[in-house]
Amino acid sequence: MTDRQWLLPLLPAFPLVLLVLRLWYLSRQNLETMLLLVQYVSPLGLLSTLTIALLWVFPATILLTRALGALLLVSDPHRAARSRLARVAGRIPDWVVVVAVVVGALTWQLRFLPTLVMATLSILGLVIRQRVANVGAYAAATGVVLPFVVALLEYTSFGPAIVDAIREGEAVTVLLLALPPAATPLLTGPVPARAAQAVTHWPAGCAAFAAPFLIGVIFLRAPILPTVAMEVDDGVLVGSVITVDDRMTTVIDTGGAVRFVLNDHVRSKTLCDAGDRPPASRVTVHGWSVERTALSWIAPARRPAAIDPRCEGRATSR
């Protein structure tokens with residue numbers, strides 16, 4: 001119980017800090033503007049954006065913790081008995097790991113799926129060694145044969161994409177697609193006991209240190225207000241809508257200034273897709289972009305349409 005007591009106060013505090021920082025970032029560090037946003041921005045909208053933007057964190061945390069904890073337990077059981085990482089990993093039920101794998105398969109980008117497969121096979125091989133036998137037919141099947149068969153299938157499927165990534169000079173994509181299948185057989189068995197502490201605790205510590213900064217950067221860039229383009233008497237105003245009443249529309253423009261526009265002066269308005277950005281990678285796997293997720297293929301999506309000129313600041317009415 002003592003391992004959890006220090007963590008419990010941080011669970012509600014971290015999302016609250018993220019939400020406040022998001023409003024502070026949107027207001028361009030202006031206190032009056034932030035207070036206006038706090039008054040009108042829906043908490044449900046903020047939590048929805050936080051959930052969607054950070055849905056990938058749940059499987060990443062579960063799989064990394066379980067894999068490193070199991071690796072330490074198999075490699076050095078005596079030190080694992082005193083390790084907080086191993087104790088936390090041991091408390092994660094198997095069904096939670098299965099849910100994390102399913103969520104990761106749906107929400108992670110295609111180029112991260114080899115890493116997901118690597119983590120899944122690593123956990124499977126280590127758990128079999130821990131619960132059944134560290135050596136024998138079961139350990140060989142899950143720790144050697146299965147990883148090599150899966151690696152062969154992955155290289156067959158992702159081989160053309162790896163070649164395309166090399167041609168495009170996308171080193172990160174090459175590593176994400178090519179390295180995990182080759183590394184999987186090395187992560188399904190124990191490491192030398194004298195190196196187990198460093199091999200498991202250093203990655204866990206680095207991930208725990210970097211995760212809040214990475215999560216904060218991603219969430220600070222996520223849209224929390226609808227972006228509209230309004231054609232008014234003196235031009236086109238592009239910004240995020242704060243509130244609308246029967247007389248006036250309150251908008252925060254791209255420069256962070258709050259604009260109050262009378263509804264009678266609005267000639268037309270349109271909703272802009274501020275979150276849709278062109279892909280940074282040109283690599284595809286069987287016609288699918290490596291930056292897409294399986295959830296984006298399954299869920300219904302609106303067909304891409306031409307960009308409204310008002311979203312680019314150009315008037316259309318006369």
Point to revise | Distance in Å, Asn263 CG paired with Lys269 NZ, rounded so as to fall on 0.5 Å steps | key: 6.0 Å
**Study point:** Step-by-step side chain to side chain contact (heavy atoms under 4.5 Å, CB included) determination, Leu187 to Met118
**Key:** CA-CA 8 Å; Leu187 300 176; Met118 177 185 70; 3.8 Å; yes
Check your understanding: What is the minimum heavy-atom distance between Val74 and Leu126, and which atoms define it?
Key -> CG2-O, 3.6 Å
Practice item. Might you point out which heavy atoms bring Pro185 and Pro147 nearest each other, and give the distance in Å? Key: CG-CB, 3.9 Å
Review point. For the side chain of Thr188 and the backbone of Gly143, is there at least one donor-acceptor N/O pair under 3.5 Å apart?
Key: yes
Exercise for review: Would you check if the side chain of Ser27 reaches a backbone N or O of Trp24 as a donor-acceptor pair within less than 3.5 Å?
Suggested key: yes
Point to revise | Residues, nucleotides or ligands: over 12 heavy atoms within 6.0 Å of Arg259 CZ | key: no
Study note, to complete from the structure: Nearest heavy-atom contact between Phe58 and Ala100 is CE2-CA, 3.8 Å
Check your understanding: Can you tell if the side chain of Leu23 reaches within under 4.5 Å of the side chain of Ile224, non-hydrogen atoms only?
Key -> yes
Check your understanding: Val217 versus Phe213: any side-chain heavy-atom pair under 4.5 Å?
Key -> no
Check your understanding: Does a sphere of radius 6.0 Å around NE2 in His286 hold more than 12 heavy atoms from other residues, nucleotides or ligands, not counting ones at 6.0 Å or beyond?
Key -> yes
Exercise for review: State, with a plain yes or no, whether a side-chain heavy atom of Leu85 is found less than 4.5 Å away from one of His201.
Suggested key: yes
**Study point:** Straight-line distance of Leu153 CG to Phe158 CZ, nearest 0.5 Å
**Key:** 11.0 Å
Check your understanding: Is there a path of hydrophobic side-chain contacts, each under 4.5 Å between heavy atoms of I, L, V, M, F, W or Y residues, that connects Val236 with Met230?
Key -> no
Point to revise | Heavy atoms from other residues, nucleotides or ligands near CZ of Phe209 exceed 12 (cutoff 6.0 Å) | key: no
Review point. Do Asp164 and Thr173 have side chains that get closer than 4.5 Å, going by heavy atoms?
Key: no
Practice item. Would you indicate whether the side-chain heavy atoms of Arg111 and Val172 approach each other to under 4.5 Å? Key: no
Practice item. Find out if a path of hydrophobic residues (ILVMFWY) with successive side-chain heavy-atom gaps under 4.5 Å connects Leu175 to Ile162. Key: no
**Study point:** Gap between atom OG1 of Thr65 and atom CG of Leu68 - 0.5 Å precision
**Key:** 7.0 Å
Exercise for review: Compare every heavy atom of Ser157 with every heavy atom of Val285, then report the nearest pair and how far apart it is.
Suggested key: CG1-O, 4.1 Å
**Study point:** Check against side chain to side chain contact (heavy atoms under 4.5 Å, CB included), Leu36 and Val258
**Key:** CA-CA 9 Å; Leu36 179 66; Val258 177; 3.8 Å; yes
Check your understanding: Hey, what do you get for CG (Leu116) to CH2 (Trp108), rounding to the nearest 0.5 Å?
Key -> 5.0 Å
Study note, to complete from the structure: For Val238 and Ala229 the tightest heavy-atom approach is CG2-CB, 4.0 Å
Check your understanding: Any chain of hydrophobic side-chain contacts (each under 4.5 Å) joining Val145 to Leu121?
Key -> no
Exercise for review: Given side chain to side chain contact (heavy atoms under 4.5 Å, CB included), test Thr293 with Thr107 step by step and report yes or no.
Suggested key: CA-CA 6 Å; Thr293 64; Thr107 60; 5.7 Å; no
Check your understanding: Applying the 4.5 Å side-chain criterion to the ILVMFWY set and letting contacts propagate, would Val97 and Leu113 be lumped into a single cluster?
Key -> yes
**Study point:** Distance, nearest 0.5 Å, that separates CG of Leu64 from CD1 of Ile123
**Key:** 9.0 Å
Point to revise | salt bridge (charged side-chain N to carboxylate O under 4.0 Å, His left out): pairs with one or both residues in residues 43-72, sequence neighbours excluded | key: Arg66-Asp94
**Study point:** By side chain to side chain contact (heavy atoms under 4.5 Å, CB included) - contacts of Ser240 (at least two apart)
**Key:** Leu225, Thr227, Ile252
Point to revise | Connected via hydrophobic side-chain network under 4.5 Å: Leu73 and Val88 | key: no
Review point. Leu237 versus Asp253: any side-chain heavy-atom pair under 4.5 Å?
Key: yes
Review point. Could you walk me through whether Val96 and Ile62 pass the side chain to side chain contact (heavy atoms under 4.5 Å, CB included) check?
Key: CA-CA 8 Å; Val96 174; Ile62 295 297; 4.1 Å; yes
Check your understanding: Any side-chain heavy atom of Ser289 sitting closer than 4.5 Å to one from Gln109?
Key -> no
Point to revise | Euclidean distance, Ser122 OG relative to Leu71 CG, rounded to 0.5 Å | key: 6.5 Å
Point to revise | Closest approach of Asp76 to Ala196 (non-hydrogen atoms, all atoms of both residues) | key: CB-CB, 4.1 Å
Check your understanding: Side chains of Val261 and Val266: closer than 4.5 Å at any heavy-atom pair?
Key -> yes
